Every structure is written in structure tokens, then in C-alpha cells.
Amino acid sequence: MGHIEKKLLNDETILYRADISWKILVSLIVVLILFTWFSSRFHPIVLLLASLYSIYLIIRMTLVILSTEFALTNRRIIAKKGFIFQHSIEILLNKVESISVSQPLIGRILGFGTVTVIGSGGTQEVFKSIDNPMELRKQVNDQIFELSQNQ
């Protein structure tokens, strides 16, 4: 049972889950291979440092991917980041003022982007490298509309 399942209220159900895209890891690996190749043109110590830094970044990004949860329920948006130092957020759907998506060119090609949720009072939460962010935004907007019709 994950973090989100533990936080569900009575009669609350998960409607949609979003994940950090593994495709961002692939693009990171390509950049790091080029970086390491370029470093090999210099002193062997530079190559060693570049290789170690590349391995560190790949491990770090993998841990971020594995430790992030994001879900839309019939009442809230719930998200959690981190293993040791956790950051969690819960935003009631009736308190969401806007949800925006930004995608760089590589994000549009590979299908990931940054989702920003702005709640009442100006609270702002940013979720980077979300897989299929346009579908997430659609699902949130559909659920907000559904809630407004039921009130």
C-alpha cells in the first residue's frame, strides 16, 4: 500500500495516477553520454569525474522517479515526493484555481512536461517531468467540472 492509498478519506477513490516519465531518464542518459565522451578528450581525471557525476545523476533521477506519487481522487489532488525527506501535498479540488502545463520541445516529442497547480490563496505546486501532462490536466478539469455540477 502506497502513500496515497494510506491518505484516502472515507468514500474517496483514485480516478487517475500520474508518474514521472522514465523518458526523462533516457534523455538524461543521452546527454550524459555526450558529456562523458566530450570529457574523454581531456585529462583522464576529467573523464573519471564526468563518469562519476553521470552515475550520480542517473541514480538520483531514478530515486526521484521511484519515490514520487501523484494521484487525482474524486475529492483531491494528492502528491508525495522523496524517500527520506518527504514533501507531500493535498489540494482539495474545490480549492484549485488553475492547472497549467508547460512542455519544452523534447517534452512534447517524448510526452512529458511540468504541471503547475495553483490553489486558492495563491498556493502553487510544481510537478516536473510528469508523463502525459495534458491528460492529467484534462482529468483534473473534468473532475472539477463534475464536482461543480453536483453542488
Side-chain angles (χ1 to χ4, degrees), residues 1-36 38-39 46-147:
M1 180 179 282
H3 173 83
I4 291 174
E5 285 81 6
K6 292 177 187 175
K7 297 293 181 183
L8 292 178
L9 303 172
N10 293 335
D11 300 326
E12 187 174 25
T13 57
I14 295 173
L15 303 174
Y16 186 80
R17 285 187 175 273
D19 296 309
I20 292 185
S21 177
W22 282 93
K23 296 168 192 165
I24 190 74
L25 188 59
V26 172
S27 59
L28 175 65
I29 289 170
V30 169
V31 168
L32 293 177
I33 287 171
L34 292 173
F35 176 65
T36 305
F38 182 73
S39 299
V46 175
L47 175 60
L48 175 65
L49 292 175
S51 299
L52 290 175
Y53 186 66
S54 298
I55 291 168
Y56 162 76
L57 287 177
I58 291 169
I59 291 171
R60 182 174 171 220
M61 191 61 185
T62 302
L63 289 175
V64 167
I65 290 170
L66 293 174
S67 68
T68 301
E69 295 181 61
F70 188 101
L72 168 66
T73 73
N74 56 330
R75 295 183 184 179
R76 305 178 285 172
I77 295 171
I78 304 172
K80 188 259 323 172
K81 303 175 194 176
F83 280 125
I84 298 170
F85 300 106
Q86 281 191 355
H87 173 71
S88 62
I89 184 76
E90 299 173 15
I91 303 172
L92 293 172
L93 288 174
N94 62 358
K95 300 292 184 189
V96 173
E97 288 185 0
S98 69
I99 181 167
S100 66
V101 173
S102 61
Q103 292 180 289
L105 179 60
I106 190 76
R108 290 195 66 198
I109 293 169
L110 296 178
F112 63 86
T114 299
V115 176
T116 304
V117 179
I118 299 176
S120 60
T123 59
Q124 180 175 327
E125 287 296 324
V126 177
F127 304 96
K128 296 180 179 181
S129 304
I130 297 293
D131 199 23
N132 201 357
M134 298 302 217
E135 180 62 23
L136 172 61
R137 181 174 64 183
K138 179 188 177 305
Q139 293 288 332
V140 170
N141 285 332
D142 286 349
Q143 189 58 29
I144 290 171
F145 179 75
E146 189 75 28
L147 280 175

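The structure displayed is predicted, hence computed values, not measured ones.
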Quick one, [X] and [Y] - any side-chain contact, counting heavy atoms below 4.5 Å?
X: Ile144; Y: Val96; result: yes
X: Trp22; Y: Thr62; result: yes
X: Glu12; Y: Arg76; result: yes
X: Ile4; Y: Ile14; result: yes
X: Phe112; Y: Ile106; result: yes
X: His3; Y: Ser88; result: yes
X: Leu9; Y: Arg75; result: yes
X: Asp19; Y: Phe70; result: no

Test of understanding: with side-chain contact (heavy atoms from CB on, under 4.5 Å), list the residues that count as partners of Leu147, not counting sequence neighbours.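 Applying side-chain contact (heavy atoms from CB on, under 4.5 Å) to Leu147 gives Leu93, Gln143.
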
Show me the donor-acceptor pairs, under 3.5 Å and distance only, between side chains in residues 116-136 and residues at least two apart or in other chains.
from	atom 1	to	atom 2	distance (Å)
Glu125	OE1	His87	NE2	3.3
Glu135	OE2	Gln139	NE2	2.7

Point to revise | Residue of the set Leu15, Leu8, Thr13 for which side-chain contact (heavy atoms from CB on, under 4.5 Å) holds with Thr73 | key: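 Going through Leu15, Leu8, Thr13 one by one, the side-chain contact (heavy atoms from CB on, under 4.5 Å) with Thr73 is satisfied by Leu8 alone.
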
* Answer yes or no: are there more than 12 heavy-atom neighbours, outside Lys95 itself, under 6.0 Å from its atom NZ? => no

Next on the checklist: Tell me if the CZ atom of Phe83 is crowded by more than 12 foreign heavy atoms within 6.0 Å.
Outcome noted: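 Check passes, neighbour count above 12.
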
**Study point:** Chi angles and distances behind the side chain to side chain contact (heavy atoms under 4.5 Å, CB included) call for Ile78, Ile89
**Key:** CA-CA 6 Å; Ile78 304 172; Ile89 184 76; over 6 Å; no

Note: Gly107 and Gln103 closest approach over all heavy atoms is O-NE2, 3.5 Å

CD1 of Ile65 to OG of Ser21, rounded to nearest 0.5 Å, is 7.5 Å

Interatomic distance, CG@Asn74 vs CD@Glu146, rounded to 0.5 Å, equals 10.0 Å

Go through Gln86 and Lys81 one step at a time and tell me if the side chain to side chain contact (heavy atoms under 4.5 Å, CB included) criterion holds. CA-CA 6 Å; Gln86 281 191 355; Lys81 303 175 194 176; over 6 Å; no

Task: Side chain Lys80, main chain Thr68, donor-acceptor under 3.5 Å - done: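 Absent.
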
Contacts of Asp142 meeting salt bridge (Lys or Arg N to Asp or Glu O under 4.0 Å) (sequence neighbours excluded), chain-then-number -> Lys138

